[in-house]
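Below, read A as the first sequence line, B as the second, and so on, with proteins coming before strands; counting in each chain starts at 1.
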Amino acid sequence: MKITLNINGKTRELEIDPGELLLDVLRDKLGLMGTKENCRQGECGACTVIIDGEAVNSCIVLAASVENSKIITIEGLSSGNKLHPIQKAFMERDGSQCGFCTPGMILSSKALLDKNPKPTEDEIKIALSGNICRCTGYKNIISSVKTAAQAIENGTYND
Amino acid sequence: MLTIEKIFFPKTIHESLTLLSEEKNSMIHAGGTDIIPRLKDNRILSPKLICLNKIEELRYIRKNEYGDTLIGSMATLSDIESDPLTSKYEALLSSINCIGSRQIRNRATLVGNIGNASPAADSIPALIILDAQVLVSSASTSYEIPLLNFILAPGKTVLKPNEMIMEIRIPAINEKFATDFQRLGRRKAVDIATVNASCYLSESGIIKLSVGAVSPVPIRLHELEKEIKAKGPGVLQNIKKITEINPISDIRAENDYREDMARILVKRCVENAIKKLERIK
Amino acid sequence: MVNKVEIRDTLERVSGEIKYVDDFKRVDLLHGKYVRSTCAKGEIKSIDCRDAASMQEVVGIYSYLDFPEGVPKYGPSEMDQPILAEKEVRFFGEPVAIVIAETSKAAEAAAALVKIEYEPEACVIDPREAIRPGAAQVHKSGNINTVFKNSWGDCVQSEKDSELIISNEYYMPSIHHNAMETYTCIAEPDHGGVSITAAIQSPFQLRRIVSAMLKIPFSLVQVKGTELGGAFGGRGYPKAEPAAAYFAFKLKKPIKIKLSAEEGFLVGQRESAFIKIRNGFDSKGKITFHDIEAYFGNGAYLDISPRVVGKAGMLGTAAYKIENVKIDFKGVYTNTTPTTAFRGFGATHVCFAIESQLDEAARALGIDPVDIRLLNLPERGDIIIPNEKPVDGDWKSCLKKAVKLGDYYKQPPKGRFKSIAIGIKNSIAATTASSRVRINSDGSAIVYIGTSEMGQGSRIVAAKYVNRFLGIPLEKIHVITADTESVPFDFITASSRTTVSIGIAIENACKQLKEMFLELATQNYKQKPVSYAEGHVVLDDNSKLSLKEILEKEYGRDMGEREACGIFKAKKDASNPLGGPCTFYELVATVLEGSVDRETGEIKFYSIVNVSDAGNIINPIRASGVDEGGAIMGIGAAVMEHLQYDTNGRLQNGSSLDYRLPTTLDVPERMESYFVENLDGPGPGGEKGIGEGAILGIAPAVKEIIFKSTGLNIKELPYTSEKIWRQLRLSRI
């Protein structure tokens with residue numbers, strides 16, 4: 001079947017099978033390798049993307065079901081050479097080690113901060129509880145999100 | 001890739017009900033957070049999916065003229081968490097907050113959590129104590145059934161192949177009340193409940209208790225409610241076990257642990273509900 | 001200016017550009033999919049591939065029947081694991097057949113159609129069963145596969161002089177590494193040899209093993225190590241790579257094998273262990289004797305587990321100086337997933353037992369838990385294990401620092417308790433590593449290291465070393481890793497060794513380069529070079545020559561380069577059972593605060609403070625982050641992680657849904673990592689390694705929190721809510 005997807009602000013027409021998952025379409029058909037695959041059952045958050053402003057596990061979403069939705073992947077976060085403030089904060093606060101969970105973490109953080117610019121530590125923890133990281137023990141991730149919120153609030157960065 | 005025979009995107013309720021009655025081996029796809037993993041593991045084979053994503057008229061949370069709260073079948077768990085109309089149903093909100101992760105709640109619907117009829121579904125006990133009603137439709141009929149009677153067995157409901165859940169109705173409550181939800185999992189977030197419990201308590205003394213993951217379907221604890229009404233909540237300090245439940249053992253927990261936790265969680269729910277009611281009286 | 005190391009190690013991680021094996025998009029690949037055993041132990045009666053073979057896009061289906069001369073085998077200790085089960089299966093999930101197809105979808109679909117029948121036999125899952133007389137045998141050779149013994153002093157005699165004797169049995173189940181990147185590799189024919197793209201901690205070990213398996217020289221095997229999406233020991237040694245290499249070599253086609261997250265549970269675990277321990281104490285709390293017996297459940301094939309047993313045995317007294325010691329450690333086969341390296345490498349098991357013993361002794365003798373540890377900890381320079389490295393740190397002051405920073409003596413709010421534990425690990429012995437440093441004609445540098453980057457920040461460390469030794473700015477340093485055809489030999493990226501081993505190798509290479517440049521200046525300039533400082537050769541008239549100028553003078557404009565290879569070679573000592581002394585000790589003191597809900601059995605943590613004896617920290621924020629990761633992994637292992645098998649040996653929770661890992665909500669309000677930096681490690685700036693220490697003390701510290709909260713002394717991990725509840729209930733009867 002033919003579908004139209006809006007990914008990172010661009011419209012893409014694709015021929016897909018009805019059973020194809022968004023994760024596979026992003027990686028295999030569109031070459032957006034920043035969306036990571038691990039559990040394929042909505043448990044680990046590595047494949048998180050933002051659909052219409054909400055963080056979603058792309059491994060349990062049928063691509064056909066998100067036609068005309070606005071999808072943001074990690075590739076859509078930075079513009080040109082300019083990193084998103086959340087990405088900058090993850091660099092500054094060392095919120096990434098092996099990097100495999102990082103795109104999902106950052107997109108979950110973005111979905112949170114877009115709705116709740118000044119989250120408490122508990123709110124950050126809840127928003128990221130569906131993103132497993134085995135390297136960091138989460139502390140530097142949580143402080144990255146705090147730093148990002150602060151930077152966005154201070155206008156240190158222009159989103 | 002999942003094996004799906006065909007996928008439909010009806011634009012209206014009528015169209016979806018017609019498809020449901022005409023297409024053999026068809027299933028409703030709402031949020032997909034449960035059906036997709038099941039398809040992946042071949043627990044469902046090659047169905048036709050009727051995807052409701054495009055039917056905006058099903059995504060609502062509103063009040064009717066009697067003050068009942070109505071939740072449409074495409075309202076996501078996140079929609080419910082952030083809607084002012086549901087804010088007074090504390091147990092329901094806490095239960096929803098325990099379902100999956102933020103990512104899951106952004107896609108999963110309340111109706112889907114009910115339709116799956118999992119014994120451990122967190123929202124069900126929280127809705128049972130609110131006397132939630134399930135509105136079921138097919139192309140030809142429509143009827144309402146109490147949630148308590150809607151679920152028959154693990155994974156099995158009264159729904160016929162041509163029927164779908166349209167709406168959950170929470171009847172208006174015309175007195176001061178408090179609710180509480182407690183649950184236990186193997187970790188603090190994103191886990192299937194080992195046991196869960198909900199309590200409703202009102203100014204006029206109505207008490208309703210419901211527990212999940214301790215019997216084939218979530219149940220009301222009518223006997224215990226009667227005992228509490230008769231002897232006061234102090235009885236909870238002394239009861240050794242809740243006789244109405246019949247938990248199983250699986251890799252998540254043994255039955256005796258579930259049995260005892262049901263007792264503890266019910267006790268805590270009631271204590272919390274009493275405190276909450278005190279505060280608003 | 002652009003800093004390539006920073007771009008690669010941090011920027012490309014947050015931008016999602018970093019590539020793991022599965023991100024290399026290729027259209028020419030064949031795909032391999034295993035058909036795995038549904039039986040934990042038994043004979044393969046029949047394999048029916050007819051339906052699968054008739055599918056379009058299937059290239060071939062292979063099983064042991066296709067290898068009349070024997071199935072190729074692999075393994076880092078011994079080449080004992082067949083790439084496909086040979087007539088017999090020995091663990092649930094063992095690969096029995098492999099489908100090779102043109103698409104991954106076809107491979108998967110065909111694999112589901114292969115029908116295999118087994119004649120099931122009795123199996124053993126737990127080392128406690130496997131050592132019983134008459135137990136089912138995993139291999140015909142018997143269930144004991146490794147024996148490590150060591151002893152000194154006289155335990156029997158000292159038992160008579162002991163005021164208190166404490167005997168216990170402890171058990172730790174297997175747990176899973178669960179690195180976020182699933183196991184994936186690509187192997188392809190390469191001009192008569194084979195080239196393997198792999199996420200592995202030991203590219204050179206993989207090269208050796210594939211070379212031995214295919215009977216071709218190292219020169220025909222290339223391992224292109226990629227970034228690793230986490231490892232924790234799980235990527236220490238080959239998993240599916242040898243099979244991929246074999247079929248790529250045989251079929252002359254590139255082959256990808258990508259395992260699912262569920263299959264990850266079937267390739268490598270941490271050893272389970274049953275530990276029997278007896279300790280004597282005098283009235284002051286001094287350990288009079290230490291008699292420890294351990295049986296490690298090693299799974300069905302060896303992988304590196306014999307070495308785990310040996311390393312654990314070598315450190316069988318943990319951090320303490322004990323006069324009378326008897327150590328008897330054994331590796332035991334079980335019908336479970338083969339076990340391998342895991343953060344801590346056996347030290348986790350030893351520390352759990354000994355720290356638990358000390359807490360129990362302190363209680364029995366009415367001594368403070370800190371004091372009993374101070375009493376038994378050695379001084380710097382003490383020899384605590386014969387023929388092993390003398391104590392290389394001020395361990396007592398490390399403990400005192402943890403007591404202070406962790407507010408150990410500050411009374412916590414009611415219902416909460418504090419505990420303390422010491423973790424120690426001996427870093428890998430008798431290995432070597434090399435680094436090459438090249439100075440380009442423009443004065444920039446390329447560093448070649450055999451290290452695998454898995455999030456520990458080894459490129460950053462390597463670049464900082466070159467910057468420190470040669471004064472070349474970080475922006476002009478590029479680091480190349482892990483491709484066996486371009487980098488020099490490195491034994492493995494493991495055992496927290498890289499900062500030390502690569503550091504020494506780089507220091508050595510840089511020293512040679514300085515001499516080279518001084519020599520070039522001597523030859524080509526009138527003035528006399530007097531020193532090398534800040535990236536320049538200083539001449540006797542105080543003028544400075546840049547490296548670029550010196551190379552230009554020697555070779556002409558934009559031509560030439562200079563390169564040196566430095567070598568780290570650990571000490572060897574035949575009298576040490578591990579071949580030599582450990583390179584350094586990794587010692588951590590942990591202070592934990594937690595509470596137990598006595599009705600539900602749930603544990604809650606409020607604070608974890610770790611103090612590591614690190615020598616010298618090069619990258620402070622990453623060092624803390626790695627330790628925090630270790631601490632939370634320790635929490636997972638202490639309270640929720642375990643692999644559950646049914647009585648038929650089938651793994652019950654081998655999936656992301658039922659193998660529970662810590663999430664953000666399991667992180668305590670306070671989690672801090674500190675370092676003691678006495679510049680006393682073997683690294684060029686006094687560095688030791690870190691990264692494994694923080695996991696070691698968590699389990700015993702959790703055990704003590706449970707004791708203080710409930711009076712329960714539970715000796716078997718993990719401390720699930722249900723287990724605590726059950727023990728509480730039993731204790732009331």
**Q** Given the options C:Gly629, C:Gly264, C:Ala179, C:Pro662, which has more heavy-atom pairs under 4.5 Å with chain A than any of the others?
**A** C:Gly629
**Q** Do the side chain of A:Gln150 and the main chain of A:Asn154 share a donor and acceptor less than 3.5 angstrom apart?
**A** no
**Q** Is C:Leu228 in contact with chain A via its backbone, its side chain, both, or neither, using a 4.5 Å heavy-atom distance?
**A**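 Looking at C:Leu228, just its backbone touches chain A.
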**Q** Between A:Ile132 and chain C, which part of the residue has a heavy atom less than 4.5 Å away: side chain, backbone, both or neither?
**A** both
**Q** Looking at chain C, which one of A:Ser96, A:Pro103, A:Gly130 has the largest number of heavy-atom pairs inside 4.5 Å, strictly under?
**A**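 Option with the top pair count is A:Ser96.
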**Q** Is a side-chain donor or acceptor of C:Thr184 paired with a backbone partner of C:Thr182 at a separation under 3.5 angstrom?
**A** yes
**Q** Please report the closest heavy-atom contact between A:Lys2 and A:Glu67, naming both atoms and the distance.
**A** O-OE2, 4.3 Å
**Q** In plain terms, say whether C:Lys258 and C:Glu181 are close enough for a salt bridge, that is, a side-chain N and a carboxylate O under 4.0 Å apart.
**A**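 Judged by the 4.0 Å cut-off on N to carboxylate O distance, C:Lys258 and C:Glu181 do not form a salt bridge.
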**Q** Which one, C:Ile18, C:Asn178, C:Asp666, C:Ile635, leads in non-hydrogen pairs under 4.5 Å with chain A?
**A** C:Asn178
**Q** Where does A:Gln97 contact chain C at under 4.5 Å (heavy atoms): side chain, backbone, both or neither?
**A**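 Its backbone and side chain both get close to chain C.
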**Q** For C:Glu641, is there an ion pair with A:Arg134 - N to carboxylate O distance below 4.0 angstrom?
**A** yes
**Q** Can you say whether A:Ile126 sits under 4.5 Å from chain C via the side chain, the backbone, both, or neither, judging by heavy atoms?
**A** both
**Q** Do you know which of A:Cys44, A:Ser129, A:Gly34 has the most heavy-atom pairs with chain C at a distance under 4.5 angstrom?
**A**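 Top option by heavy-atom pairs under 4.5 Å: A:Ser129.
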**Q** Roughly how far, to the nearest 0.5 Å, is NZ of C:Lys256 from CZ of C:Phe24?
**A** 10.5 Å
**Q** Under a 3.5 Å threshold, yes or no: a donor from one side chain and an acceptor from the other, between C:Ser496 and C:Glu692?
**A**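 A pair is found: one side chain offers a donor N or O, the other an acceptor, under 3.5 Å apart.
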**Q** If I compare all heavy atoms of A:Ile16 with all of A:Ile3, which pair ends up nearest, and what's the gap?
**A**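 Closest pair (atom of A:Ile16, atom of A:Ile3, distance): CD1-CD1, 3.6 Å.
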**Q** Name the region of C:Arg660, side chain, backbone, both or neither, that has any atom closer than 4.5 Å to a heavy atom of chain A.
**A**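 Side chain of C:Arg660 only, per the 4.5 Å heavy-atom cut-off to chain A.
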**Q** Any donor-acceptor pair under 3.5 Å linking the side-chain atoms of C:Glu453 with those of C:Ser458?
**A** yes
**Q** Who among C:Met454, C:Arg622, C:Lys25 has the most heavy-atom pairs with chain A under 4.5 Å?
**A**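 The answer is C:Arg622.
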**Q** Between chain A and each of C:Leu661, C:Leu11, C:Asp23, C:Asp9, count heavy-atom pairs under 4.5 Å; write down the option with the most.
**A**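 Of the candidates given, the most pairs with chain A belong to C:Asp23.
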**Q** Heavy-atom pairs under 4.5 Å with chain A: which of C:Thr663, C:Ile632, C:Asp22, C:Val667 has the most?
**A**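 The answer is C:Thr663.
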**Q** Do you know which of A:Arg40, A:Glu75, A:Gln87 has the most heavy-atom pairs under 4.5 Å to chain C?
**A** A:Gln87
**Q** Can you tell me which residue among C:Phe342, C:Phe265, C:Tyr183, C:Phe232 is in a ring pair (Phe, Tyr, Trp, His ring centres under 6.0 Å) with C:His177?
**A** C:Phe342
**Q** Measuring heavy-atom distances to chain A, does C:Glu262 have an atom under 4.5 Å in its side chain, in its backbone, in both, or in neither?
**A**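 Looking at C:Glu262, just its side chain touches chain A.
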**Q** Please state whether the side chain, the backbone, both or neither of C:Glu672 comes within less than 4.5 Å of a heavy atom of chain A.
**A** both
**Q** Between A:Asp28, A:Asn131, A:Ile142, which residue shows the highest count of heavy-atom pairs closer than 4.5 Å to chain C?
**A**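 Heavy-atom pairs under 4.5 Å are most numerous for A:Asp28.
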**Q** With only heavy atoms counted, which part of C:Pro668 is less than 4.5 Å from chain A, the side chain, the backbone, both or neither?
**A**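 Just the backbone, heavy atoms under 4.5 Å.
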**Q** Does NZ or CZ of C:Arg13 lie under 6.0 Å from the centre of the six-membered ring of A:Phe90, at an angle within 45° of the ring axis?
**A** no
